[in-house]
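Letters go in sequence order (proteins before strands), and every chain restarts at 1.
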Amino acid sequence: MTVVTRFPPSPTGYLHIGGARTALFNWLYARGRGGEMVLRIEDTDTERSTQEAVDVIMQAMEWLGLSWNRGPYFQTRRFDRYREVIDGLLADGHAYHCFCSRERLEDLRESQRAAGEKPRYDHHCRDLGRKPEAGEDAVVRFRNPLEGSVVFDDVVRGRVEISNSEMDDLIIARTDGTPTYNLTVVVDDVDMGITHVIRGDDHTNNTPRQINIFHALGASLPVFAHVPLILGPDGQRLSKRHGAVSVLEYRDMGILPEALLNYLVRLGWSHGDQEIFDLDEMIDLFDITDINRSAASFDLDKLLWVNQHYIRQADVDRLGNLLARCLHRRGIRPSDGPRPGEVVELLRERVQTMVQMADQALYFYAEPGAYQPEAAAKHLVPEALPRLEALAEALGALENWRAEDINRVIKDVAAAQGAKFPQLAIPLRVALSGDTVTPSIDQTVRLVGRERTLSRLARAMEFIRSDGVNGGKNTGKNA
RNA sequence: GUCCCCAUCGUCUAGUUGGCCUAGGACAUCGCCCUUUCACGGCGACGACAGGGGUUCGAAUCCCCUUGGGGACGCCA
């Protein structure tokens, strides 16, 4: 039997981290077994579903590389099919019309809760045995068995047994005739030949009712695997107040898709002590039977670490393009400086995200703003003046603008001035970048370029001569 | 409230059918080394079987209770 999994987002918002992991698990499982994954848009809640959300979700999946083999199917385009099933259920007695008003239902729930009971429908219309008259409002309810219990083997949680007395006669068609979730899922899973339902833990309680519907339809059951939810760092359900929860936000943060995937796959799943998995390894090693039973907390620090790992080994040109895009986003033209790929080579070992890389690359493309106060106070001092003067002269006369030659010049000037290398390198860093932190100074000087290096050196010397009075504020930004 | 589920370092986790666990790895944190600043890298430190009962020669691993946490109880999905 070919494995068929599915990812069924409801388009009421962005694709969040938890959904992405569910999609990943479905994708990995299908890929690993030569099966396929269906993308199904569960938009039966027409009030809250939007086309924009559909677009954003698909965009996120494409960014992550989680491709689907079939779909996207839209449930709103299958209403005729659901109607047909509902009519069938009505005809064979598996469903019935209910005329209870929302008010009655609310009162019922309220009183049950007050009495310490689990709120559920009281079967008021279950045995009425009549159809709505013209113009009369009615919903359709599934006639859930009263006795016994539903038992199923969940791949991750093991045997699950829930008593039918715990289950409601759930509404499968609203007053306006549109079908609801628990019905559409089952119909679709049957029609689309889904063999494995891998979904969030929050659906575990729905499963027995859905199983009853599967039975009513005479359909065979798929394999169920309910994966624990992802919690926030505080152990509470992951939500916006924990920071970014949307996949696309991570993209905009400068996270690489393969890093997010790698981080996500390790949440609730592991393979010994291995931390890094490329796509092929994941596909090869992943199995739903190895999914953990307990919920995991999202940890940004670890994601950042994984991202750093991938930044260090990613293709330079690819990162160069990403860097260029980040720079562009903050109004800087990459053409105003070195080829992004060169900057990538210099910075890739020192950043955790592409956005951080852009932050650290700014001075290659635009004049640095005011000097960082402490750095200027400590390093752009009178003692540094003669050294910088000598350095500027030597650099101006340097024949080959290459890192090794630049390095030699700095060493020579330092020696001639009776200074140690850092005593020259640090002020130079401040002059070039505005702060004391840069990659190796020779490479930095090389990439900043001769013209800019000399003009920034001149500005630094002016700063020292004027005793820091107009400390770099006359330059501001000019990209 | 009712029903269901979960429980190893702060976090992600390893821990094959109970013995090799003095509980391993990774992130984070803190030190030291490397060093041209910051990183990277190397080395090291800190740090957990929620608590209590059993079962057993022996339990992180099995059972029960307690506690803590999560989920579900919609004409949402």
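Among the nucleotides B/G70, B/G74, B/C6, the one closest to any side-chain atom of A/Pro119 is B/G74. Of the listed nucleotides (B/A26, B/A77, B/C75), B/A77 has the atom at the smallest distance from the side chain of A/Ser10.
Nucleotides B/G41 and B/C46 are separated by 22 Å at their P atoms, to the nearest Å. For the P atoms, the distance from B/C30 to B/C73 is 44 Å, rounded to whole Å. For the P atom pair drawn from B/C6 and B/A14, the interatomic distance equals 15 Å after rounding to whole Å. For the C1' atom pair drawn from B/U8 and B/G25, the interatomic distance equals 13 Å after rounding to whole Å.
Salt bridge A/Arg109/A/Glu117: absent, no basic N to carboxylate O contact under 4.0 Å. Ion pair A/Arg402/A/Asp405 flagged as a salt bridge, since at least one NZ, NE, NH1 or NH2 atom sits closer than 4.0 Å to an Asp/Glu carboxylate oxygen. The residues A/Arg143 and A/Asp169 are annotated as not salt-bridged, no charged nitrogen and carboxylate oxygen being separated by less than 4.0 angstrom.
No hydrogens or angles considered: a donor-acceptor pair under 3.5 Å links the side chains of A/Glu281 and A/Gln274. When only modelled atom types and interatomic distance are considered, A/Arg83 and A/Thr178 share no side-chain donor-acceptor pair under 3.5 Å.
In the interface, the side chain of A/Thr175 is paired with the base of B/C75 through a donor and an acceptor atom under 3.5 Å apart. For B/A77, its base sits under 3.5 Å from the side chain of A/Asn206 at one donor and acceptor pair at least.
A cation-pi arrangement is absent between A/Arg452 and A/Phe364 under the rule of less than 6.0 angstrom and at most 45 degrees off the ring axis.
Within a heavy-atom distance below 4.0 Å of RNA chain B, the residues of residues 348-355 of chain A found are A/Glu349, A/Arg350. Listed by residue number, A/Val139 are the residues of residues 130-141 of chain A with a heavy-atom contact under 4.0 Å to RNA chain B. Listed in residue order, the members of residues 427-441 of chain A having a heavy atom less than 4.0 Å from RNA chain B are A/Arg429, A/Thr436, A/Val437, A/Thr438, A/Pro439, A/Ser440, A/Ile441. Near RNA chain B, defined here as any heavy-atom distance below 4.0 Å, the residues from residues 144-163 of chain A are A/Arg157, listed numerically.
OP1 or OP2 of B/A77 lies within a sub-4.0 Å distance of a side-chain N or O belonging to A/Thr44. The shortest distance between the side-chain N/O atoms of A/Arg237 and the OP1/OP2 oxygens of B/G69 is not below 4.0 Å. Between A/Gln112 and the phosphate of B/G1, there is no side-chain N or O to OP1/OP2 separation shorter than 4.0 Å.
Taking the six-membered ring for Trp and thresholds of 30 and 60 degrees, A/Phe224 and A/His226 have nearly parallel ring planes, at less than 30 degrees apart.
When both distances must be under 3.5 Å, the Watson-Crick or G-U wobble mate of B/U61 does not exist. Across all strands shown, B/A45 forms a Watson-Crick or G-U wobble pair, both distances under 3.5 Å, with B/U29. Taking a pair to require two hydrogen-bonding distances under 3.5 Å in either a Watson-Crick or a G-U wobble arrangement, B/C20 remains unpaired. Pair assignment for B/U35 gives none, since no Watson-Crick or G-U wobble pairing has each distance under 3.5 Å. For B/A7, the paired base is B/U67 (Watson-Crick or G-U wobble, both distances below 3.5 Å).
Ring centroid separation for the pair A/His16 and A/Tyr250 does not come in under the 6.0 Å cut-off. For an aromatic pair to be called close, the ring centres must be under 6.0 Å apart, and A/Trp269 with A/Phe286 satisfies this. The ring of A/Tyr96 has its center no closer than 6.0 angstrom to the ring center of A/Phe142.
Applying the side-chain hydrogen bond (donor to acceptor under 3.5 Å, both in side chains) test between A/Arg81 and each of A/Thr184, A/Asp188, A/Asp191 identifies A/Asp191 as the sole match.
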What does the list of N/O pairs under 3.5 Å between the protein and nucleotides 48-52 of chain B look like, with a distance for each?
none

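Residue-level contact check: A/His226 touches neither bases nor backbone, having no heavy atom under 4.0 Å from any strand.
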- line: With sugar-phosphate taken as primed atoms, P, OP1 and OP2 and all else as base, the protein-contact string of nucleotides 9-14 of chain B at under 4.0 Å (heavy atoms; B, S, -) is --SBSS
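Nearest-nucleotide positions on RNA chain B place A/Asp442 closer to the 5' end than the other of A/Asp202 and A/Asp442.
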